[in-house]
Amino acid sequence: MKENKLIKIDKLINDKKVNEAQIELSKLGSEFYKNPEYLYLRSKVFYLNNLYYLAIDTLLIALEFEQNDKIYNLIAEIYKVLGNNELSKKFLSLDL
């Protein structure tokens, strides 16, 4: 059940329905606050709303619960948008 809600929200984000996704995310309760997928989706919404530093903070919290490539890739993408190409490359580096 939980995963179905997150899949629905991810689809809304991919369909560029960011406001609807934001509303659906806000409906989820505290049981999701430590869920890395929830945090990732929340950060994507922040990113799409140009709230870059809030998105990065949320992604760093998600990394405390699970480390995966999509989180690192989104952090790198945000840093690239912010003009910090060096840090962006470091997040994409498999050696680090």
Side-chain angles (χ1 to χ4, degrees):
M1 183 75 169
K2 288 182 188 180
E3 297 305 315
N4 289 340
K5 292 178 183 180
L6 296 176
I7 291 169
K8 177 185 174 186
I9 293 168
D10 189 38
K11 183 171 178 0
L12 288 171
I13 292 169
N14 291 331
D15 291 343
K16 308 291 186 216
K17 297 178 181 178
V18 179
N19 289 335
E20 289 179 48
Q22 175 66 35
I23 291 168
E24 292 300 317
L25 281 167
S26 67
K27 291 179 183 177
L28 299 178
S30 62
E31 70 269 12
F32 285 92
Y33 294 167
K34 293 183 180 181
N35 182 312
E37 185 64 23
Y38 164 82
L39 292 167
Y40 174 78
L41 294 172
R42 174 68 77 189
S43 67
K44 278 180 75 171
V45 169
F46 291 146
Y47 171 60
L48 293 171
N49 286 322
N50 301 323
L51 300 169
Y52 303 123
Y53 293 106
L54 192 53
I56 290 170
D57 286 346
T58 305
L59 289 167
L60 293 175
I61 293 168
L63 286 173
E64 291 183 22
F65 302 109
E66 179 182 323
Q67 296 182 2
N68 64 49
D69 288 343
K70 72 180 182 179
I71 294 173
Y72 286 112
N73 290 339
L74 186 54
I75 292 171
E77 184 178 332
I78 294 168
Y79 276 119
K80 189 171 186 176
V81 167
L82 292 172
N84 194 335
N85 292 326
E86 184 178 328
L87 192 53
S88 176
K89 289 177 186 175
K90 286 182 180 179
F91 272 99
L92 291 175
S93 174
L94 297 175
D95 297 334
L96 300 175

- Message: Any heavy-atom pair between the side chains of V81 and I78 that's under 4.5 Å?
- Response: no

- Task: Measure the CD1-OG distance between I71 and S43 for me, rounded to the nearest 0.5 Å.
- Result: 7.5 Å

- Query: Just by distance, with hydrogens left out, do Y47 and E77 show a side-chain donor and acceptor under 3.5 Å apart?
  - Reply: yes

- Message: Any side-chain to backbone donor/acceptor pair from T58 onto L54? Under 3.5 Å, distance only.
- Response: yes

- Note on the structure: On a heavy-atom basis, the closest approach of V45 and I13 is CG2-CD1, 3.7 Å

- Could you tell me the separation between the CG atom of L74 and the CZ atom of F91, rounded to the nearest 0.5 Å? 11.0 Å

- Nearest 0.5 Å please: distance from the CG atom of N84 over to the NZ atom of K89. 10.5 Å

- Query: Within the side chain of N35, is there an N or O that forms a donor-acceptor pair under 3.5 Å with the backbone of E37?
  - Reply: yes

- Item | K44 vs N14 side-chain heavy atoms within contact, under 4.5 Å | yes

- Item | Partners passing side-chain contact (heavy atoms from CB on, under 4.5 Å) against K8 (at least two apart in sequence or in another chain) | E24

- Query: Is there a path of hydrophobic side-chain contacts, each under 4.5 Å between heavy atoms of I, L, V, M, F, W or Y residues, that connects L12 with I7?
  - Reply: no

- Roughly how far, to the nearest 0.5 Å, is the CD1 atom of I9 from the CZ atom of R42? 8.5 Å

- Message: Using the rule that Ile, Leu, Val, Met, Phe, Trp and Tyr join whenever any side-chain heavy atoms are under 4.5 Å apart, tell me whether L39 and L25 fall into a single cluster.
- Response: yes

- Task: Taking the side chain as every heavy atom from C-beta outward, state whether L87 and L82 have any atom pair closer than 4.5 Å.
- Result: no

- Find out whether Y72 and Q67 are in side-chain contact, i.e. whether some heavy atom of one side chain is under 4.5 Å from a heavy atom of the other. yes

- Message: Quick check on the hydrophobic clustering: are Y40 and Y79 connected, directly or via other members, by side-chain heavy-atom contacts under 4.5 Å?
- Response: yes

- Message: Would you compute the distance between atom NZ of K17 and atom NZ of K11 and round it to the nearest 0.5 angstrom?
- Response: 7.0 Å

- Message: Using a 3.5 Å distance criterion without hydrogens, assess whether the side chain of N49 forms a donor-acceptor pair with backbone atoms of L51.
- Response: no

- Message: Classify the ring geometry of Y38 against Y33: parallel below 30°, tilted from 30° to 60°, perpendicular beyond 60°.
- Response: tilted

- Item | Side chains of I56 and F46 in contact at under 4.5 Å (non-hydrogen atoms) | no

- Query: With a 4.5 Å limit on heavy-atom distance, are the side chains of L60 and L63 in contact?
  - Reply: yes

- Query: Could you walk me through whether K27 and I23 pass the side chain to side chain contact (heavy atoms under 4.5 Å, CB included) check?
  - Reply: CA-CA 7 Å; K27 291 179 183 177; I23 291 168; 3.8 Å; yes

